[in-house]
Amino acid sequence: MDDKLIIAGIEFKSRLWVGTGKYKDFEETKKAIEASGADVVTVAVRRVNITDRSKENLLDYIDPKKYKILPNTAGCYTAEDAIRTARLARSAGVSDMVKLEVIGDEKTLFPDNEALLEAAKVLVKEGFIVFPYTNDDPIMAKKLQDIGCAAVMPLAAPIGSGLGIRNPYNLKIILETISLPIIVDAGVGTASDAAIAMELGCDAVLMNTGIAGAKDPIKMAEAMKHAIIAGRLAYKAGRMPMKLYASASSPLEGKIGA
Amino acid sequence: MQMIINGKNKTISNNTTLAALLNELNIDAQRVAVELNMNIVENGEYAQRVLKDGDTLEIISFVGGGTNG
């Protein structure tokens, strides 16, 4: 089936993108990612612990040759911090891609769109492939498209909330107005949420807590893999129209006793 | 001489290169990125870059993270 996801000239094997946070350990992270079939994994950029060097490195488990590493700027509250983090991430030499997050508020983790746009402009100019985490706001999505982002990543619900697709109509408007790939980022809680995002026509879904926060993350990773494939196929197939009343699917002719 | 590494004060010997410091700290240079006084130092320059008294270093690596702040 020729239904490839290509962004900025890069071909992606899966429409499910996964984060690497909140797992019990690296072994579980690795197994969950394998079960998800994802080839994009997001990672965070943090200071190395210089006093305790006993800790293992995530990249010893997630091979950058096998996976596309998407560093994020999670935890950045200003454009300056996000730009600085993105530059550092790129200099680590695994990717020119950045999942750009500029957080506006600790409690909701909603993006600061003004600062996001400012940071995105700078990073696009520096040659980064920018994936901005934004609200499900069509106007903002358009602005991000206009300045040269590679895709738009609207949230479905607050990060880590697992509330699912809270505003499918906004996502629909974004899908209609934006020609860039749309990747739902954050809020997916279970497999049906992922399927809904794909049925709407989104190009991919990025999730972390939806998998890592499940009782059995490895099983949920597999469930998400199937949900993404099923949702995409349903979108491509084109669903039947909804009707208020019944419509028999068996023929009426030839009934006994007629 | 004194330096600030990842926000912590640290005493290191004079004329230490960045590569030597990473080695001393048991850090795999291939797995990190470094900022010296707010400017990124590319991996290939670690061996030539000699650290000075009062320098501020940031050494980062990738950790588990998704979309969480």
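Atoms considered below: every heavy atom in the structure, side chains included; atoms not considered: hydrogens, waters and symmetry mates. Residue numbering restarts at 1 for every chain, and letters A, B, ... go by the order of the sequence lines.
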Side chain / backbone / both / neither for A/Ser91 at chain B, heavy atoms under 4.5 Å: both
So CZ of A/Arg84 and CD1 of B/Ile60: to nearest 0.5 Å the spacing works out to 11.0 Å
Looking only at non-hydrogen atoms, find the nearest pair between A/Val45 and B/Phe62 and report the distance. CG2-CE2, 3.7 Å
Residue A/Ala89 versus chain B: region with a heavy atom under 4.5 Å: both
Within a 6.0 Å radius of atom CD on A/Glu27, are there more than 12 heavy atoms belonging to other residues, nucleotides or ligands? yes
In this structure, CZ of A/Arg87 is separated from CD1 of B/Ile40 (nearest 0.5 Å) by 7.0 Å
Relative to chain A, which segment of B/Asn43 carries a heavy atom at a distance below 4.5 Å: side chain, backbone, both, or neither? neither
Let's test your reading of the structure: which of A/Leu155, A/Val94, A/Leu58 forms the most heavy-atom pairs below 4.5 Å with chain B? A/Leu58
So does B/Gln2 have more than 12 non-hydrogen atoms from other groups sitting under 6.0 Å from CD? yes
Is the shortest heavy-atom distance from the side chain of B/Lys10 to the side chain of A/Ile50 under 4.5 Å? yes
Exercise: identify the closest heavy-atom pair between B/Ala33 and A/Ala92: CB-N, 3.9 Å
Measure distances from B/Glu35 to the heavy atoms of chain A and classify the residue's part below 4.5 Å as side chain, backbone, both or neither. both
Would you find more than 12 non-hydrogen atoms of other residues, nucleotides or ligands less than 6.0 Å from B/Asp53 atom CG? yes
Check whether any side-chain heavy atom of B/Ser61 sits under 4.5 Å from a side-chain heavy atom of A/Asn57, and report yes or no. yes
Heavy-atom closest pair, residues A/Val48 and B/Asn6: O-ND2, 2.8 Å
Return yes when atom NZ of A/Lys68 has more than 12 non-hydrogen atoms of other residues, nucleotides or ligands closer than 6.0 Å, and no otherwise. yes
What part of B/Leu25 gets closer than 4.5 Å to chain A, counting heavy atoms only: side chain, backbone, both or neither? both
